[in-house]
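For reference, the structure discussed in these notes is given below.
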Amino acid sequence: MENQEIMQMPRIGDKAPEFKAVTTQGEIDFPKQYEGSWVILFSHPADFTPVCTSEFMTFATMAPKFEEANCKLVGLSVDGLYSHIAWLRTIKEKIEYKGMKDVEVKFPLIEDITMEVAKKYGMMQPGESNTKAVRAVFVIDPKGIVRTVLYYPLSLGRNFEEIYRIVIALKTADEFSIATPADWQPGDDVIVPTAGSCGVAKERMESKDEMHCYDWFFCTKKLAKELIFDKILKK
Ligand code: BEZ
């Protein structure tokens with residue numbers, strides 16, 4: 001049973017596992033209280049460690065950008081509340097890193113000494129560590145559905161611009177019924193759904209309109225960055 005708990009990993013399309021937890025911003029009821037917002041639940045191995053400190057400073061500095069995209073942030077580690085508080089105070093009062101200083105982490109950081117939440121989200125990966133959570137990221141949509149899952153090892157700091165790109169790409173795909181190609185950034189061409197009939201495939205190949213087809217199954221169209229941000233921010 002113990003191992004099964006450790007191995008539980010929410011998959012893309014699953015309902016986000018529910019929990020109540022104590023955090024640096026009070027108690028939270030997850031994902032219930034985040035209904036209507038996107039939310040990123042992420043874990044880090046331990047307080048007072050260098051990679052985690054660089055990550056928290058970066059994420060906290062980007063928090064207004066995520067807020068503007070209606071996306072809340074929730075952190076977790078297998079440390080206690082007082083350790084979290086002391087670490088976040090140290091970050092604000094003492095650490096200057098890559099031009100970031102006086103950084104206040106305003107999003108909740110979950111205390112999870114019992115590993116109850118970490119186990120529900122597959123954050124404990126014994127091959128990496130029995131006592132520290134790996135660097136997991138769950139992007140959860142306003143209906144509480146897991147839409148993206150990332151797991152990074154202890155030594156590898158995450159790319160938070162990529163996590164932001166994931167949120168924007170998911171929201172754009174939902175809003176405009178398109179898909180996004182490799183390395184897509186807002187303003188780049190997007191992929192239209194593959195033709196579902198021979199007639200549509202032929203029309204697309206012959207069409208001189210806004211679509212560009214590399215072949216019948218691979219067509220793109222323009223989607224202005226301004227239109228994307230106009231439609232998806234705040235949603
Ligand atoms: C770090 O955040 O620096 C770290 C934490 C656990 C293991 C290795 C590095």
Side-chain angles (χ1 to χ4, degrees), residues 2-10 16-17 19 21-26 28 30 39-67 71-140 146 148-167:
E2 182 74 1
N3 266 347
Q4 250 175 1
E5 274 179 348
I6 287 177
M7 290 313 295
Q8 183 178 334
M9 278 190 186
F19 62 86
V22 171
T23 85
T24 49
Q25 303 288 329
I28 60 169
F30 196 94
V39 56
I40 292 172
L41 174 67
F42 71 102
S43 57
H44 70 276
D47 298 342
F48 292 102
T49 50
V51 179
C52 299
T53 300
S54 70
E55 289 194 323
F56 264 65
M57 293 183 77
T58 306
F59 223 176
T61 303
M62 288 175 71
K65 220 165 119 165
F66 283 91
E67 188 62 41
C71 183
K72 311 258 187 269
L73 311 177
V74 179
L76 174 149
S77 78
V78 181
D79 289 291
L81 184 63
Y82 299 124
S83 165
H84 284 345
I85 292 170
W87 180 46
L88 299 187
R89 282 174 63 90
T90 302
I91 287 176
K92 179 164 165 49
E93 288 164 13
K94 298 201 181 129
I95 312 285
E96 184 170 350
Y97 172 70
K98 284 197 167 173
M100 297 179 280
K101 61 176 187 180
D102 195 25
V103 174
E104 189 170 351
V105 175
K106 294 182 181 153
F107 55 80
L109 175 49
I110 296 168
E111 78 154 0
D112 194 29
I113 293 179
T114 60
M115 303 187 196
E116 188 192 326
V117 181
K119 286 176 182 173
K120 281 189 174 178
Y121 277 83
M123 293 163 173
M124 303 311 299
Q125 304 199 1
E128 185 72 342
S129 171
N130 281 316
T131 54
K132 292 176 169 59
V134 296
R135 301 181 196 280
V137 179
F138 295 88
V139 182
I140 296 165
V146 175
T148 298
V149 178
L150 304 171
Y151 288 108
Y152 281 52
L154 303 186
S155 65
L156 179 57
R158 287 159 282 201
N159 182 325
F160 292 92
E161 287 295 345
E162 169 61 1
I163 295 170
Y164 180 73
R165 190 188 77 98
I166 289 169
V167 173

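Read the numbers this way: they start at 1 and go in the same order the structure lists the ligands and their atoms.
Partners of Lys72 under the salt bridge (charged side-chain N to carboxylate O under 4.0 Å, His left out) rule, at least two apart in sequence or in another chain, are Glu67.
Given atom 4 (C) of ligand 1, the protein heavy atom at minimum distance is Arg135 NH2, 3.6 Å. Among protein heavy atoms, the minimum distance from atom 6 (C) of ligand 1 is reached at Pro45 CB, 3.7 Å. The protein atom (non-hydrogen) at minimum distance from atom 3 (O) of ligand 1 is Val51 N, 2.7 Å.
Of all the atoms in ligand 1, the ones that sit under 4.0 Å from a non-hydrogen atom of Thr49 are 1 (C), 2 (O), 3 (O), 4 (C), 5 (C). Near Cys52, with a cut-off below 4.0 Å to any heavy atom, the atoms of ligand 1 are 1 (C), 2 (O).
Side-chain contact, Asp79 with His84: no donor N or O sits under 3.5 Å from an acceptor N or O.
For Pro50, the closest heavy-atom approach to ligand 1 falls below 4.0 Å.
Salt-bridge annotation for Lys65 and Glu161: present, with a side-chain N of the basic residue lying under 4.0 Å from a carboxylate O of the acidic one.
Inclusion of Leu154 in the set of residues having an N or O under 3.5 Å from an N or O of ligand 1 is not warranted.
Asn130 has its side chain out of reach of Met124: every pair of non-hydrogen atoms, C-beta onward, lies at least 4.5 Å apart.
The aromatic rings of Phe56 and Phe42 sit tilted, their planes meeting at an angle between 30° and 60°. Ring geometry for Phe160 against Phe59 counts as tilted: the plane angle lies between 30° and 60°, on a 0 to 90° scale.
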